[in-house]
Number of protein chains: 2
Amino acid sequence: MTQINAETGARVRRVTIVDVAQHAGVSTASASKVLRNAYGVSEAMKQRVQASMDALGYRPHRPARGMRGRTFTLGLLVSDIENPFFSLIADGITSVVRSQGYELLISPGGYDAGSQNAVIDALIDHQMDALVLIGPVVTGADLERIAGEIPLVVVGRHSRSAALDSVSGDDELGSALVVDHLVALGHRRIAFVANQQDSLEPDRPESVRLAGFVEAMARHGLAESAMVVDSRWSLTGGHEAARVIAETAEAVTAVFAGADVTAFGIMSELWERGLRVPDAYSLAGYDNSRMTSIGPIDLTTVDQSGFEMGETAGRLALERIGGRTESRHVLLRPRLILRSTTRSVAAGG
Amino acid sequence: MTQINAETGARVRRVTIVDVAQHAGVSTASASKVLRNAYGVSEAMKQRVQASMDALGYRPHRPARGMRGRTFTLGLLVSDIENPFFSLIADGITSVVRSQGYELLISPGGYDAGSQNAVIDALIDHQMDALVLIGPVVTGADLERIAGEIPLVVVGRHSRSAALDSVSGDDELGSALVVDHLVALGHRRIAFVANQQDSLEPDRPESVRLAGFVEAMARHGLAESAMVVDSRWSLTGGHEAARVIAETAEAVTAVFAGADVTAFGIMSELWERGLRVPDAYSLAGYDNSRMTSIGPIDLTTVDQSGFEMGETAGRLALERIGGRTESRHVLLRPRLILRSTTRSVAAGG
DNA sequence: TTGAAAGCGCTAACAC
DNA sequence: GTGTTAGCGCTTTCAA
């Protein structure tokens with residue numbers, strides 16, 4: 001693509017490192033060393049080259065850098081860019097890597113393993129220096145393969161792989177916080193809305209939250225009155241779950257939705273039936289996404305501190321790029337956010 | 001970065017076009033022609049090379065392609081990845097460009113011109129084949145400069161520049177749809193929540209929606225009873241606007257929030273004051289974002305068909321890459337979505 | 001400490 | 001129709 005200047009009709013040629021070197025009267029090798037802050041350049045040389053770079057408005061060409069060294073770019077896989085939680089993570093990553101000259105490029109990979117794998121490959125083909133994957137649905141074997149090709153940090157999977165790093169919330173604890181809260185309010189018959197998966201990777205948050213729910217209920221001696229509704233963590237999944245729950249013979253008094261978006265679907269379905277939360281039953285979500293706090297919603301939920309997760313993921317990625325090969329697996333502590341959708345069973349919900 | 005295979009300890013070397021050529025027993029030039037689907041290759045050659053590519057699992061190295069030709073990658077600037085409207089646009093773009101072998105990389109540029117310009121430069125440095133900018137806040141002069149460096153499509157600014165393409169909703173019409181609807185319901189004193197900007201670029205949707213509101217009110221002979229509240233299009237901006245409106249001597253009966261997120265903030269502020277929509281006043285948003293449809297919200301709003309905008313933007317970008325130099329400026333028709341937050345003034349809201 | 005030169009993976013002239 | 005080769009902008013040995 002040779003771009004033409006709209007006004008003058010002249011071609012706009014990029015300023016290259018050769019231009020900088022000529023302007024400064026040094027070799028390109030020296031200019032490169034200054035650019036990379038490499039070892040073995042005199043202070044005087046550094047000053048001169050830096051001055052030329054500024055004067056010419058030099059900006060290194062990333063693909064060219066990537067052909068030999070680094071692109072100074074991290075790739076981020078998300079399923080869908082509209083998830084506010086992902087946005088927090090992205091901001092967290094950016095906040096720690098930007099100061100090191102790194103930037104972040106994001107690619108939406110959809111919700112199935114096939115398309116996610118394709119997008120991951122594309123990110124690798126772009127010569128990213130490292131990859132951060134948020135809640136990937138690909139298999140553990142896929143992750144191992146990817147980690148063999150590029151430094152890899154996975155967010156939201158409770159991995160124990162030796163080949164990659166992971167950072168996630170303690171979803172088991174998160175579920176326990178919700179159950180403990182509901183039980184303290186007097187609830188006994190509690191439903192959990194599970195996210196049905198095609199491939200059941202045990203380290204996915206869906207699996208861990210479900211396990212945490214089951215275990216917490218058992219701990220309270222409530223294994224018998226625990227109900228698991230298989231659905232999807234989506235708006236429509238929430239609607240469906242609410243319909244299933246409505247048809248249950250023994251009515252539950254509280255529902256733990258597993259994810260905020262599912263809770264929104266449930267609220268919406270109840271609303272259409274003329275029912276209200278927490279009058280119909282108490283309701284809790286998971287994620288503390290932005291809309292949970294607005295008045296008409298005001299949903300009890302679990303906060304995962306996405307920004308901090310992002311910071312951690314960014315730091316881990318930089319360490320990997322820097323040469324670390326032993327794996328790190330970080331678990332962050334979730335917090336229960338109490339709002340008005342959960343209340344004492346005595347109050348009738 | 002030389003990656004080490006975790007299991008074997010062997011280096012994983014990429015399959016290059018040289019490997020493909022050797023495997024197929026042809027020159028790299030021929031392999032390249034097959035890859036690019038270029039003119040002047042026999043069917044037999046094509047078959048052989050393609051077979052070798054499949055056999056070796058060849059994936060072209062994008063930076064290397066970009067050094068001579070195209071990277072087959074589009075860059076997308078968004079302010080923040082969590083806006084569901086942006087997600088729709090991204091999906092629309094992807095749907096039209098993927099079939100041409102293109103993919104999309106997204107970068108969040110924040111809300112001020114400085115950081116957006118920096119991110120745009122970074123995207124250019126990555127040798128993207130074209131750029132799509134969603135609602136950029138940079139100046140018109142900046143856009144001209146960028147268009148001189150790379151094929152450019154701007155979404156959401158009513159540009160008339162000869163150097164770039166644009167696609168946006170007809171925001172003037174959108175505002176008119178809302179005002180007509182409210183007036184038909186009997187409302188006279190109507191407030192518009194404006195998004196205060198640092199730099200007042202007249203082609204920004206904020207400006208056009210405001211102008212559309214003012215004009216539509218005048219058309220109905222209601223210039224005197226139109227109220228404009230200066231705030232921000234954000235959750236907190238909505239809260240502030242609601243407080244300002246509450247303190248107004250002559251009470252309005254309807255509020256047009258300018259953006260859904262602002263309407264959410266208003267609903268939330270009212271909720272905290274024990275007031276409900278549309279009892280306090282009728283309320284309309286703009287964007288038809290996902291949460292508008294859920295029961296407890298059910299907000300009257302304006303749909304901008306983001307997916308179609310994305311498709312259009314993708315098509316325009318591909319045409320630019322293909323060589324078109326005359327500019328195209330596309331305006332899409334918005335639709336009013338009637339829900340329960342607006343009702344007849346006679347009904348008391 | 002500095003510079004010359006090779007080469008990363010690919011494309012595009014140009015020759016055959 | 002096919003192959004040879006120079007070169008994109010940068011980094012990295014290796015000499016000087």
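Below, read A as the first sequence line, B as the second, and so on, with proteins coming before strands; counting in each chain starts at 1.
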- Please work out which residues in residues 45-62 of chain B have a non-hydrogen atom less than 4.0 Å from an atom of DNA chain C and list them by number. B/Y58, B/P60, B/H61
Where do [X] and [Y] come nearest, in terms of heavy atoms and distance?
X	Y	answer
A/A130	A/I150	CA-CG1, 4.0 Å
B/I93	B/A313	CG1-CB, 4.4 Å
A/V97	A/L74	CG1-CD1, 3.6 Å

- A/P108, A/S107, A/S87 screened by side-chain contact (heavy atoms from CB on, under 4.5 Å) with A/I81, the one that passes: A/P108
- Item | Sorted by number, the residues of residues 20-32 of chain B with heavy-atom contact under 4.0 Å to DNA chain D | B/V26, B/S27, B/A29, B/S30
- Message: Given B/D165, which partner from the list B/R320, B/R328, B/R315 fulfils the salt bridge (Lys or Arg N to Asp or Glu O under 4.0 Å) test?
- Response: B/R320
- Message: If you assign A/K33 and B/I17 each to the DNA chain C nucleotide with the nearest heavy atom, which residue ends up on the more 5' nucleotide?
- Response: A/K33
- Task: Using modelled atom types only, decide if a donor and an acceptor are shared between the side chain of A/R204 and the backbone of A/G135 within a distance under 3.5 Å.
- Result: yes
- Message: B/F72: which residues meet the ring-ring contact (aromatic ring centres under 6.0 Å, His included) condition with it, sequence neighbours left out?
- Response: B/Y102
- Set of residues satisfying salt bridge (charged side-chain N to carboxylate O under 4.0 Å, His left out) with respect to B/E308, sequence neighbours excluded: none
- Task: Please collect all salt bridge (Lys or Arg N to Asp or Glu O under 4.0 Å) contacts where either partner lies in residues 92-107 of chain A, sequence neighbours excluded, each pair once.
- Result: A/R62-A/E103
- Query: Which pairs, with at least one residue in residues 71-83 of chain A and sequence neighbours excluded, count as a salt bridge (Lys or Arg N to Asp or Glu O under 4.0 Å)?
  - Reply: A/E82-B/R290
- Mind checking which nucleotides bracket the chain B contacts on DNA chain D, 5' to 3', with an atom under 4.0 Å from a heavy atom? D/dG1 to D/dG9
Ignoring hydrogens and angles, write down the donor-acceptor pairs under 3.5 Å from the side chains of residues 34-44 of chain B, residues two or more places apart or on other chains.
unit_1	atom_1	unit_2	atom_2	d
B/R36	NE	B/S32	O	3.3
B/R36	NE	B/S32	OG	3.0
B/R36	NH2	B/S32	OG	3.1
B/S42	OG	B/M45	N	3.2
B/E43	OE2	B/Q47	NE2	2.9

Identify all side-chain donor-acceptor contacts of residues 154-162 of chain B below 3.5 Å with residues at least two apart in sequence or on another chain.
unit_1	atom_1	unit_2	atom_2	d
B/R157	NE	B/D203	OD1	3.2
B/R157	NE	B/D203	OD2	3.3
B/R157	NH1	B/P136	O	2.9
B/R157	NH1	B/V138	O	2.5
B/R157	NH2	B/V138	O	3.4
B/R157	NH2	B/E201	OE1	3.3
B/R157	NH2	B/D203	OD1	3.0
B/H158	NE2	B/G169	O	3.3
B/H158	NE2	B/D171	OD2	2.7
B/S159	OG	B/S161	N	3.0
B/S161	OG	B/E144	OE2	2.6
B/S161	OG	B/A163	N	3.0

Enumerate the protein-to-nucleotides 6-8 of chain C contacts in which both atoms are nitrogen or oxygen and the separation is below 3.5 Å.
unit_1	atom_1	unit_2	atom_2	d
C/dG7	N3	A/R68	NH1	3.1

- Query: A/R65 has an atom CZ; how far is it from atom C1' of C/dG9, in whole Å?
  - Reply: 18 Å
- Note on the structure: When rounded to whole Å, the NE2 to P distance for the pair A/H126 and C/dG9 reads 17 Å
- What does the inter-axis angle of the helix from C/dT1-D/dA16 to C/dC16-D/dG1 come out as, five pairs per end, nearest 10 degrees? 40°
- Listed partners of B/N83 passing side chain to side chain contact (heavy atoms under 4.5 Å, CB included), at least two apart: B/F85, B/F86
- Task: Compute whether any side-chain donor of one residue and acceptor of the other, for B/T94 and B/D91, lie under 3.5 angstrom apart.
- Result: no
- Starting from the C-alpha separation in whole Å, work towards a yes-or-no answer on salt bridge (Lys or Arg N to Asp or Glu O under 4.0 Å) for A/R14 and B/D125. CA-CA 10 Å; A/R14 274 188 84 90; B/D125 296 344; 2.9 Å; yes
